[in-house]
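Starting from 1, each residue takes its place in the sequence as its number. All values below come from the heavy atoms of this structure, side chains included, with hydrogens, waters and symmetry mates left out.
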Amino acid sequence: MSELSILRKSQGKEILFSLIEDNYDREVSEKILEVEWKFFTNVIGIEGKAECQKNEILFFINRLAQLVIFSLNTKVLILNDYEKLKNQEMNPFVLKYAWMMKYTDYERFIEFKELPYISPVKSNLLEEISDIFKRDYNSINTQYPLTFSHFRPEITEGKNISGVGYLESEFSVFSYRTLKSIREDISCNIEGPVERIIKNSAGIAEKI
C-alpha cells in the first residue's frame, strides 16, 4: 500500500473532514485528488519522471491546500473537465507543463501541437484570474518576504516559472465555465487566494 493510500485511510480522511464539512464536497474533493495523482504520475518529462512524482504526501498537501479555496460548484466543474479530457485521451498535467513552456522554453512550446485552442474570451478571463493572483503575490511578497522566498518567484527567470505563470498554465486546461466559477470564488473572499493557499498548506502539514 502506498504512502498516500495509508494517508487517506488515516490522517487524510481526518484532514478532509476537518477542512470540508459537506459529505458530497468531501467526496468530490477526494475524487479530484485521486484523478490528479493519476494524471501527475503518468507525466513523463524529457529526462524521465521527476523526484516529486514519488512524493505522494507532498502532492496531497499542495493540491488539497489549493482545492479547498474553491466552492463545491467549481470542484464539480473541475472534475467534469478532467473527465472530458480523459475521454479525449488528454492529460491535463501534460497540457499544463506544455503551457508552462510558453514562459520557460518558447521554442519547444511552439512545436507542441496538442494544445487545445483558447478563445479570446477565455484568454481574457484567464488574464483576469492571473491579475487577482498577481496582486495577492505582490502583497505577500511585500508583507512577508521571508515566507514568500519559499514559494515560486514573482517573475519567471529562465526555466524557473513564476507562481502566477504556473497557475495560469494550470488553469488554461479548464473550460470557460470552470474559469468563470474560479474567478467568482477568488473574488468574493476577503483574504487573497495565495494567502489562503499558504495558510492551508501550513495547516494541513501540521496535521500530518
For Leu115, the side-chain contact (heavy atoms from CB on, under 4.5 Å) test, sequence neighbours excluded, returns Leu95, Ala98, Trp99, Phe109, Phe112
Would you give the length of the straight line joining atom CD1 of Ile182 to atom CZ of Phe171, rounded to the nearest 0.5 angstrom? 4.5 Å
Separation of Ile186 CD1 from Ile197 CD1 (nearest 0.5 Å): 9.0 Å
In terms of hydrophobic clustering (I, L, V, M, F, W, Y; side-chain heavy atoms under 4.5 Å; direct or indirect links), are Leu77 and Leu125 co-clustered? no
Ion pair present between Glu34 and Lys38, side-chain N to carboxylate O less than 4.0 angstrom? no
Filter on side-chain hydrogen bond (donor to acceptor under 3.5 Å, both in side chains), then keep only pairs touching residues 72-83, sequence neighbours left out; what's left? Asp25-Lys75, Ser29-Lys75, Glu36-Tyr82, Ser71-Thr74, Asn73-Ser181, Thr74-Ser181, Thr74-Asp185, Asp81-Ser175, Asp81-Thr178
Roughly how far apart are Met100 CE and Asp105 CG, rounded to 0.5 Å? 11.0 Å
Is any side-chain heavy atom of Leu19 closer than 4.5 Å to one of Ile204? yes
Do the non-hydrogen side-chain atoms of Ile15 and Phe60 ever get within less than 4.5 Å of each other? yes
Nearest 0.5 Å, what's the NZ-NZ distance between Lys180 and Lys122? 15.0 Å
For atom CD of Glu89, is the number of surrounding heavy atoms from other residues, nucleotides or ligands below 6.0 Å larger than 12? no
Linked, directly or transitively: Val94 and Val173 (ILVMFWY side chains, under 4.5 Å): yes
Would you call Tyr103 and Glu168 a side-chain contact if the rule is heavy atoms closer than 4.5 Å? yes
Close side-chain approach of Lys96 and Val43, heavy atoms under 4.5 Å: no
